[in-house]
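Only this structure's heavy atoms are used, side chains among them; waters, hydrogens and symmetry mates stay out. The model shown is predicted, which means the values in this text are computed figures rather than measured ones.
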Amino acid sequence: MREPDAVAAALSAAFLDGPWTTPALTDRGRRAVGRPRARWVGQLAARVLERFPRPPSDAPRALDAFVRGCAPYAAARAAAARAGEPLRVAHLATATTRMGRNRSRAPELDTVADLAGFLGLEVGQLEWFADVRRFQVRAGGSALHHYRARWVAKRGAPRLLEVPRPRLKAVQREVLHEVLDRLEVHDAAHGFVAGRSALTGAWDHVLARTVVRFDLEGFFASVPASAVYRCFRSTGYPEPVAHLLTGLVTHVTPLRDLRAVPDGGSPEERFRLRRNLSRAHLPQGAPTSPALANLCARGLDRRLAGLARAVGATYTRYADDLTFSSTTGLHPARLRRAVEAVVVDEGFTLNRGKTRVRGAGSRQLVTGLVVNERPNVPREEFDRLKAVLHNCVQHGPGTQDRDGHPDFRAHLLARVSRVEHVNPAKGRRLRRSFEQIRW
């Protein structure tokens with residue numbers, strides 16, 4: 001990390017604190033450094049105006065970085081050091097950042113104080129939750145950590161659930177409902193999007209001749225904080241606001257949790273998992289992560305949808321599940337090479353062990369639903385649920401909760417509702433059995 005440069009920051013603030021012309025910038029810059037005749041300030045002002053035709057009020061850090069690296073400033077700083085009179089701040093302006101062009105319905109938040117007030121926090125509390133300097137990564141005990149971590153074993157590499165503690169979760173839910181839900185995702189995204197679901201994603205692939213499914217490896221952890229920051233900046237939020245918003249919704253996994261990774265997956269998969277978790281990423285378990293993953297995958301969706309059009313196919317994505325289908329047929333090997341090239345270029349990794357190709361003569365599954373003729377729940381899933389409900393009625397629900405669900409009633413109700421959503425007739429039959437259970 002570069003050391004702070006107070007003089008460059010003072011010059012940037014001075015430039016933003018008034019009219020955007022070379023003479024005005026020169027006057028304010030000379031006042032900032034206390035050198036009323038410094039020619040290099042005029043040269044610097046001219047370079048700034050050339051680089052930024054309009055005042056970057058929403059990007060003070062970008063202006064600061066440009067000033068630091070600008071030749072007139074570097075030369076003046078070196079000359080002043082040789083003369084034994086280093087540059088100093090004589091006057092500090094208090095320019096206010098402003099939100100850039102807002103193309104969405106997201107609330108306008110110009111300053112850190114605006115963001116804190118919007119979330120019902122003090123500025124100090126906001127900075128504590130955002131933890132942009134990642135103090136919690138170095139904290140030894142768990143009392144200071146905002147997340148509880150739990151490893152889940154599965155086929156392949158294990159999954160790390162990072163669940164925010166109640167206060168941070170409440171703040172993240174506010175960001176989700178008041179900011180993220182107002183931003184548009186690509187039409188191909190069907191997971192975690194209002195008005196879309198596994199069913200809407202499945203309908204796009206009904207009666208296909210060929211269905212090809214791909215899977216993204218470690219989807220949430222693959223989204224870095226830099227992508228999240230760009231998402232907030234593209235919405236129009238000034239750099240300081242976008243910086244803190246990014247801190248609120250990303251996390252760096254502490255070393256103690258990385259060391260506890262259980263067995264599973266290839267060495268390459270485990271290496272990529274640890275690498276992604278050790279940098280700021282979207283934590284799986286935070287309420288904001290699914291929406292942000294969709295927003296950060298807009299480029300991926302746009303390019304894969306274009307690829308699908310080029311080969312006469314349909315493309316949808318449900319979280320980390322990519323599906324292509326065609327009524328005229330596809331060349332799976334060629335499609336896979338093209339998809340993997342796009343996926344890698346967008347910063348993700350294709351799970352090579354989970355590619356599935358299904359023709360019209362076999363059962364075609366999309367988002368867990370059979371789509372050969374119309375979206376439907378797989379027969380074995382319906383039969384298992386039907387048997388569980390029957391046994392709950394006959395022998396009591398306690399005999400069927402083999403996985404120890406904390407709320408088995410809610411678990412069963414969710415499964416029944418899923419069938420009702422996909423196939424109302426079958427769902428009604430299951431609902432009648434569910435209502436006969438004695439809780």
Side-chain angles (χ1 to χ4, degrees), residues 154-160 184-193 196 198 201-202 204-205 208 210-231 234 250 265-284 289-326 330-358 364-368:
K154 63 183 185 67
R155 188 175 64 178
R159 176 184 295 123
L160 180 62
E184 292 185 2
V185 300
H186 195 276
D187 290 342
H190 287 265
F192 316 109
V193 182
R196 306 180 204 174
D204 287 347
H205 303 284
T210 308
V211 173
V212 184
R213 291 171 47 211
F214 303 96
D215 183 79
L216 297 177
E217 181 183 293
F219 184 44
F220 291 127
S222 296
V223 180
S226 58
V228 176
Y229 175 77
R230 288 194 298 270
C231 173
S234 66
T250 59
S266 67
E268 293 79 10
E269 287 177 311
R270 294 168 66 83
F271 170 79
R272 287 191 293 267
L273 177 64
R274 288 173 62 93
R275 178 197 62 195
N276 291 339
L277 292 175
S278 63
R279 67 184 183 183
H281 60 276
L282 291 180
Q284 184 164 357
S289 291
L292 277 165
N294 279 337
L295 292 167
C296 293
R298 284 180 296 195
L300 174 71
D301 290 335
R302 183 169 57 250
R303 293 176 66 180
L304 292 182
L307 171 63
R309 287 193 298 271
V311 298
T314 298
Y315 161 73
T316 62
R317 179 179 60 80
Y318 191 90
D320 57 359
D321 192 359
L322 317 177
T323 304
F324 292 79
S325 68
S326 173
L330 290 168
H331 194 294
R334 292 177 184 172
L335 178 63
R336 177 174 177 168
R337 287 194 294 270
V339 169
E340 186 163 22
V342 173
V343 166
V344 171
D345 194 50
E346 289 292 326
F348 297 96
T349 302
L350 209 60
N351 191 328
R352 296 188 175 184
K354 290 190 176 181
T355 300
R356 299 288 184 268
V357 181
R358 294 290 183 268
Q364 298 170 331
L365 282 174
V366 176
T367 61

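Closest approach of R196 to A188, counting heavy atoms only: NH1-N, 4.5 Å. The two atoms that bring G201 and H190 nearest to each other are N-ND1, 3.3 Å, heavy atoms only. Residues S325 and V211 approach most closely at CB-CG2, 4.0 Å, considering heavy atoms. When all heavy atoms of P283 and S289 are compared, the closest pair comes out as O-OG, 2.6 Å. For L277 against A221, the heavy-atom pair with the smallest separation is CD2-CB, 3.9 Å. The two residues C231 and L292 make their nearest non-hydrogen contact at SG-CD2, 4.4 Å.
For Q364 (side chain) and A208 (main-chain N/O), a donor-acceptor pair under 3.5 Å exists by modelled atom type. Distance alone, capped at 3.5 Å, places no donor-acceptor pair between the R270 side chain and the P267 backbone. The backbone N or O of E217 sits nowhere less than 3.5 Å from a side-chain atom of T349 that would complete a donor-acceptor pair. With hydrogens and angles ignored, the 3.5 Å screen pairs no side-chain donor or acceptor of D345 with any backbone N or O of A341.
For Y318, the ring-ring contact (aromatic ring centres under 6.0 Å, His included) criterion is met by no residue, not counting sequence neighbours.
To the nearest 0.5 angstrom, R317 atom CZ is 4.0 Å from D301 atom CG. The structure places CG of D321 at 5.0 Å from CZ of R213, a figure rounded to the nearest 0.5 Å. Put simply, CZ on R309 and OG1 on T314 are 10.5 Å apart, with the number rounded to the nearest 0.5 Å. Taken from OG in S266 to CG in L273, the straight-line distance is 10.5 Å, to the nearest 0.5 Å.
Counting heavy atoms from C-beta outward, L304 and E346 have side chains that stay 4.5 Å or more apart. Using a 4.5 Å heavy-atom cutoff, the side chains of V193 and N294 are in contact. Counting heavy atoms from C-beta outward, L300 and V343 have side chains that approach closer than 4.5 Å. Contact check for Y229 versus T250: no side-chain heavy atoms found under the 4.5 Å cut-off. Inter-residue side-chain proximity for F324 and V339 is flagged as met; some heavy-atom pair is nearer than 4.5 Å. In this structure, H186 and Y315 have side chains that are not in contact, with every pair of non-hydrogen atoms separated by 4.5 Å or more. Taking the side chain as every heavy atom from C-beta outward, L365 and R358 never approach each other to under 4.5 Å. Using a 4.5 Å cut-off on side-chain heavy atoms (C-beta onward), L160 and Q284 make no contact.
Results of the side chain to side chain contact (heavy atoms under 4.5 Å, CB included) test with F214 over K354, R336, E340 single out R336 as the only residue that passes.
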Passes side chain to side chain contact (heavy atoms under 4.5 Å, CB included), F220 versus D320? Steps please.
-> CA-CA 9 Å; F220 291 127; D320 57 359; over 6 Å; no

ask   = Checking side chain to side chain contact (heavy atoms under 4.5 Å, CB included) for the pair L350/L216: CA distance, chi angles, key distance, verdict?
value = CA-CA 5 Å; L350 209 60; L216 297 177; 4.2 Å; yes

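Surrounding CZ of R352 are at most 12 heavy atoms belonging to other residues, nucleotides or ligands under 6.0 Å away. Open room surrounds CZ on R159; 12 or fewer heavy atoms of other groups in view lie less than 6.0 Å from it.
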